[in-house]
Amino acid sequence: MFEFMRIAPLLQAPPIGKALEVKGWVRTRRDAKGDFSFLEINDGSCLANLQVVADSTLFNYEGEIKRLTTGCAVRVAGDLVASPAKGQAVELRCRELTVYGWAPAETYPLQKKHHSFEFLRSMTHLRPRTNSLAAVARVRSALSLALHRFFAERGFCYVHTPIITTNDCEGAGEQFTVTALDMNKLPSRDGLVDFSRDFFGRQASLTVSGQLEAEVYALALGNVYTFGPTFRAENSNTSRHLAEFWMVEPEMAFCDLTDDINLAEEFLKYLLASVRSECGAELDLFCKFIDPALHDRLAMVLDQDFARITYTEAVERLRKAGRTFDFPVQWGADLQSEHERYLAEEVFKRPVVVTDYPRVIKPFYMRINDDNRTVAAMDILVPGIGEIIGGSQREERYDVLLARITENGLRQADYEWYLDLRRYGSAPHAGFGMGFERLVQFATGMANIREVIPFPRTPGAAAL
RNA sequence: UCCUCGGUAGCUCAGUCGGUAGAGCAGGUGGCUGUUAACCACCUUGUCGCUGGUUCGAGUCCGGCCCGGGGAGCCA
């Protein structure tokens with residue numbers, strides 16, 4: 001007799017006059033005169049609550065309804081009517097209310113008030129019940145779906161690269177070791193742990209990037225992308241780093257650096273435009289309470305072309321900046337955060353693509369340019385976040401790649417499979433990587449990356 | 001890892017010159033109102049992060065430690 005509806009579609013096209021049923025959590029209760037009460041119900045389908053009017057003729061009005069507090073789970077059935085008062089277009093006139101679960105106000109930590117994100121972080125299991133964290137979750141989901149749509153529309157194949165990898169990444173970032181050995185009785189040989197007796201017969205770790213494996217599939221399927229968790233064991237304590245985060249990595253065969261940059265720019269614009277059209281209420285919330293400049297920053301990305309300069313030009317720009325930086329600017333040194341911010345926020349005031357970095361500061365797989373001292377690399381810097389995308393054209397020439405592996409002190413034996421890709425049917429190819437949480441940060445204005453992933457893992461913290 | 005700021009009621013915070021802790025919200029009681037983070041009155045709530053020291057007396061000053069925020073570095 002009552003038709004169940006989620007609140008999002010209910011509010012979008014209110015079926016006034018219908019007998020409806022909603023299920024959700026009480027956000028607030030306001031009593032009027034002792035005759036009736038207003039309840040605000042949120043079911044997570046959208047930011048907005050549904051106002052319920054429950055009066056004293058209900059059999060459980062005194063016994064249950066007047067005891068409802070923030071957080072209680074309920075089912076409400078009644079008639080949807082136009083609201084006579086300001087503040088909401090419709091309201092549900094309650095005929096039945098069932099309590100699924102109480103949330104005693106004396107102990108339930110969430111109140112009908114502002115809480116600091118730091119406080120909410122101490123309860124990762126309850127924080128998605130707040131407006132802001134639920135809004136972040138919806139934006140994150142919308143961005144994920146938009147990302148798949150973007151690549152699907154362009155004929156990309158979604159490839160699941162491994163989480164556990166045996167890529168030997170000497171000289172690279174710290175990795176988490178994956179082992180099934182008894183940590184209290186480690187087998188050893190020559191004073192070192194003998195990983196030949198471990199599960200995989202060799203040392204394995206959690207992936208720090210799916211790129212090298214993505215290249216395998218790009219050189220078979222043409223255009224591919226990966227999207228999955230990535231792990232770094234660095235002792236990084238910042239608002240932009242996580243030990244476990246999600247990375248998007250497209251990889252395209254028959255593609256050069258310019259194609260790569262064009263795709264990256266199109267990609268960012270597509271994703272942010274999707275959020276703007278699908279999550280308007282959430283963005284308004286962020287703009288109001290989190291970051292007043294949010295709408296302007298999104299427009300800044302969406303409404304203009306990205307600036308494009310070479311690393312060498314960037315260094316000149318910084319030298320002529322007429323200001324001193326904490327870190328000196330010199331050709332051959334990597335750009336510091338302060339340099340990147342200056343370029344994006346003050347010089348161009350929009351996203352900037354910096355290309356052709358010195359080969360000495362970039363990894364072995366990036367393609368050497370004709371000048372022999374730079375590589376076909378690109379970083380996209382956005383105001384507020386800094387580097388959001390890093391990519392390159394990959395070295396497709398066997399001899400050059402082999403020389404770079406050697407010059408970086410890597411063992412050729414570990415990269416024979418990677419060299420095979422150049423030995424047989426090699427082709428120009430390029431790709432980029434984007435830290436997904438950085439994008440969610442940019443799209444929501446959230447200052448700390450720990451608020452844009454459901455269960456953040458950082459040094460010393462892995463709750464749940 | 002370094003620099004810096006902080007830790008006071010369930011939450012957000014104030015606490016002056018060292019003199020024995022209090023405001024809003026939350027919670028409780030009563031009142032009022034088609035209410036909108038409702039409102040009004042009254043009531044309850046403290047290991048002042050831990051530890052040692054200075055002092056007649058420490059939330060306040062000094063040392064050590066723990067935890068957190070921000071910034072930087074690290075960062076396939």
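Just so we're on the same page: letters track the sequence lines, and every chain starts at 1. Quick caveat, the model's predicted, so the values are computed rather than measured.
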Original post:
How would you label the contact of E338(A) with the nucleic acid (heavy atoms, under 4.0 Å): base, sugar-phosphate, or nothing?
Top reply: nothing

Original post:
With a 4.0 Å cut-off on heavy atoms, is E213(A) in touch with a base, just the backbone sugar-phosphate, or nothing at all?
Top reply: nothing

Original post:
Quick one: is R450(A) getting a side-chain N or O under 4.0 Å of the G69(B) phosphate, OP1 or OP2?
Top reply: yes

Subject >> Distance-only donor-acceptor check, side chains N42(A) and R129(A), under 3.5 Å >> reply: no

Original post:
Which part of the nucleic acid does L110(A) contact within heavy-atom distance under 4.0 Å: base, sugar-phosphate only, or nothing?
Top reply: nothing

Subject >> Side chains of E215(A) and Y365(A), donor plus acceptor under 3.5 Å >> reply: no

Original post:
Considering only the P atoms, how many Å lie between U45(B) and A38(B), rounded to the nearest integer?
Top reply: 26 Å

Original post:
N237(A) near the nucleic acid: base, sugar-phosphate alone, or nothing, with a heavy-atom cut-off under 4.0 Å?
Top reply: base

Original post:
Hey, is the side chain of T107(A) poking within less than 4.0 Å of OP1 or OP2 on G10(B), counting only N and O atoms?
Top reply: no

Original post:
Quick one: the side chain of S236(A) and the base of C75(B), do they pair up donor-acceptor inside 3.5 Å?
Top reply: no

Original post:
Under 4.0 angstrom, heavy atoms only, what part of the nucleic acid is R93(A) near: base, sugar-phosphate, or nothing?
Top reply: base

**OP:** Using atom CG of D31(A) as one end and atom P of G28(B) as the other, report the distance to the nearest whole Å.
**Re:** 11 Å

Original post:
Looking just at side-chain N and O atoms, do T161(A) and Y217(A) make a donor-acceptor pair shorter than 3.5 Å?
Top reply: no

Original post:
What does S239(A) touch in the nucleic acid at a heavy-atom separation under 4.0 angstrom: a base, only the sugar-phosphate, or nothing?
Top reply: sugar-phosphate

Original post:
Across all strands, who's sitting opposite C32(B) as a Watson-Crick or G-U wobble pair, both distances under 3.5 Å?
Top reply: none

**OP:** With heavy atoms under 4.0 Å as the rule, sort S83(A) into base, sugar-phosphate or nothing.
**Re:** base

Original post:
Which part of the nucleic acid does R394(A) contact within heavy-atom distance under 4.0 Å: base, sugar-phosphate only, or nothing?
Top reply: nothing

Original post:
In the strands shown, is G19(B) matched to any nucleotide by a Watson-Crick or G-U wobble pair with both distances under 3.5 Å, and which?
Top reply: C56(B)

Subject >> Nucleotide opposite A37(B) in a Watson-Crick or G-U pair, distances under 3.5 Å >> reply: none

Original post:
For C74(B), what is the paired nucleotide under Watson-Crick or G-U wobble rules, both distances under 3.5 Å?
Top reply: none

Original post:
Are S209(A) and E249(A) close enough that a side-chain donor and a side-chain acceptor fall under 3.5 Å?
Top reply: yes

Original post:
Which pairs with one or both residues in residues 330-340 of chain A pass side-chain hydrogen bond (donor to acceptor under 3.5 Å, both in side chains), sequence neighbours excluded?
Top reply: T312(A)-W331(A)

Subject >> Presence of R30(A) side-chain N/O under 4.0 Å of A37(B) phosphate oxygens OP1/OP2 >> reply: no

